[in-house]
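So the structure is just underneath, and the comments pick up after that.
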Number of protein chains: 2
Amino acid sequence: MARAASTKGPTRIQREKTEAILEAALEVFATYGYRGSTLDQIAAKSGISKPNILYYFDGKETIHAKLLARLLETWLEPLEHLSDAGDPVDEICAYVGRKLAMSRDYPRESRLFANEVLQGAPRILDELAGPLKTLTDKKSALIQSWINAGKIKAIDPHHLIFSIWATTQHYADFDVQVRAVLSDKADARFEQAAEFLDTMYRATLTP
Amino acid sequence: MARAASTKGPTRIQREKTEAILEAALEVFATYGYRGSTLDQIAAKSGISKPNILYYFDGKETIHAKLLARLLETWLEPLEHLSDAGDPVDEICAYVGRKLAMSRDYPRESRLFANEVLQGAPRILDELAGPLKTLTDKKSALIQSWINAGKIKAIDPHHLIFSIWATTQHYADFDVQVRAVLSDKADARFEQAAEFLDTMYRATLTP
DNA sequence: CATAGTTTTGACCATATGGTCAGAAAATTA
DNA sequence: TAATTTTCTGACCATATGGTCAAAACTATG
């Protein structure tokens, strides 16, 4: 079996191969979705034979589950960092910036998530209704407290968060479209987006 | 063959069956993406046997292509209606409203499009780089003229349009997530969104 | 280096899936 | 109603795909 004895951790080979498989799988799943992806594609991309992949993972489902679990760990992080330390408007704009940076630096993760949610989130519905909702409610309350204190304009906190998710993830999920429309100016899309979004959210929030 | 003689149009049966197949196919493709969908699913949902489906359409690909072609016809319509007739801010907000209404009334079409673009738009890349880019450039120029005339605040027109697409389509494409987060208040999501987006874009655009 | 443990593979299997086809059933027309 | 055309189906096929397994190849260690 691939699982090493409980006392020792995974061997070097196990770590390397497991990582190579997950790396290739992320690429494939993010591009074609769960059902559209095949073990043969992952095998080809990782350079690891299909039976060997199944030596390290129980099956296609398990690989996908592992990727999603990893993703969810880091996905909520930017929002968690939203605190009442600094100026509310700056705080929210900083969150927008972090989220946009994630679209730039981890577009595959964004697409993996988008594919999953778009298809009804069959494998992560519990996470959405649980941890995600809990965190969103908590941060919405924080935003509401800022509104009550007159520090930002009165808007619906939940929908503000939705709009931030939508506008930032758009640059990863709809990248092909963004590039097609911007064509020659596409290279600067993230800098342009950063400036536009900063302007928009400052205008929206500044009292 | 299913194709009627060139002189006569399609028969009643042809119209009905073709429509039933496309209706079922839209449902299936929007939910599972192209590769994730099967003819058997479409057959089951439409109540038309697989061989009979293939009597009306050349194959899976053709059905999908037909749906995309139809979609693109109507997809750009809301943006085309953006004119310099009324007040610029009202015009843009009206466009946001139309786009949000499409997410509410045609969520499957939105998801079909999202699935396609998310996976690299292999079948509609030409449409994006052609008609979509042309229209977007034209309307960006209109928005820029409003900026030059001092009628709205100076923002990047292309990214304004992206943000409108993102925020409105989010309510169709990420519906599961929106509902999970709003839970008991989910029923009113479109009214809430309409109000929030109107507020945000007025704040962003009003000079 | 010999042995025990780990990793890798080729061959293979069962099922799913897109698609074909000859002929039956139904509808239309003469 | 008989002939003709359109619509529909069961049986079938080729390929793709997730997964299995026995044995080979490799690695680490006493």
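So that the names make sense, note that chain A is the first sequence line, chain B the second, and so on, each numbered from 1.
What separates CD1 of A:Ile42 from C1' of D:dA16 is a distance of 15 Å, to the nearest Å. The CZ-P distance, from B:Arg15 to C:dA27, rounds to 16 Å in whole Å. Atom pair B:Ile63:CD1 and C:dT17:C1' shows a separation of 13 Å (rounding to whole Å applied). To the nearest angstrom, C1' of C:dA24 lies 13 Å from CG of B:Asn52. What separates CD1 of A:Ile53 from P of C:dT7 is a distance of 15 Å, to the nearest Å. Rounded to whole angstrom, the span from the OH atom of B:Tyr56 across to the P atom of C:dG19 amounts to 18 Å. We find that CD1 of A:Ile48 is positioned 17 Å from C1' of D:dG18, with the value rounded to whole Å. When rounded to the nearest whole Å, the span between NZ of A:Lys50 and C1' of C:dC12 equals 11 Å.
Below 30°, between 30° and 60°, or above 60°: for B:Phe174 and B:His170 the angle between ring planes is below 30°, a parallel geometry.
Using a 4.0 Å heavy-atom criterion, one finds that B:Ser37 contacts the sugar-phosphate atoms exclusively.
Distances shorter than 4.0 Å separate some side-chain N or O of A:Arg35 from OP1 or OP2 on C:dT17. In this model, the phosphate group of C:dT8 is not approached by any side-chain N or O of A:Ser49 to a distance below 4.0 Å at OP1 or OP2. One finds no side-chain N or O of A:Tyr55 lying less than 4.0 angstrom from the OP1 or OP2 phosphate oxygen of D:dT20. A close approach under 4.0 Å does not occur between any side-chain nitrogen or oxygen of B:Gln14 and OP1 or OP2 of D:dT6. Side-chain N/O atoms of A:Lys17 include one lying less than 4.0 angstrom from OP1 or OP2 on C:dT8.
Closest to the side chain of A:Leu39, out of C:dG19, D:dG18, D:dT7, is D:dG18. The side chain of B:Asp40 lies closest to C:dT17, out of D:dC8, C:dT17, C:dG10. In this structure, the nucleotide among D:dT20, D:dG18, D:dC8 sitting nearest to the side chain of A:Leu54 is D:dT20. Comparing D:dT9, C:dG18, C:dT9 by their nearest atom to the side chain of B:Thr38 picks out C:dG18.
A:Ser110 and A:Tyr171 share no donor-acceptor pair across their side chains, judged by distance under 3.5 Å alone.
Between B:Asp175 and B:Arg104 there is no salt bridge, since no side-chain N of the basic residue sits under 4.0 Å from a carboxylate O of the acidic one.
The side-chain contact (heavy atoms from CB on, under 4.5 Å) test with A:Thr167 is passed by exactly one of A:Tyr201, A:Phe162, A:Phe196: A:Tyr201.
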Requested in this report: For A:Leu79 and A:Leu135, run side-chain contact (heavy atoms from CB on, under 4.5 Å): C-alpha distance rounded to whole Å, both residues' side-chain angles, the deciding distance at 0.1 Å, then the answer.
Outcome: CA-CA 8 Å; A:Leu79 183 53; A:Leu135 178 63; 3.9 Å; yes

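The base of C:dG19 does not come close enough to the side chain of B:Lys60 for any donor and acceptor atom to sit less than 3.5 Å apart.
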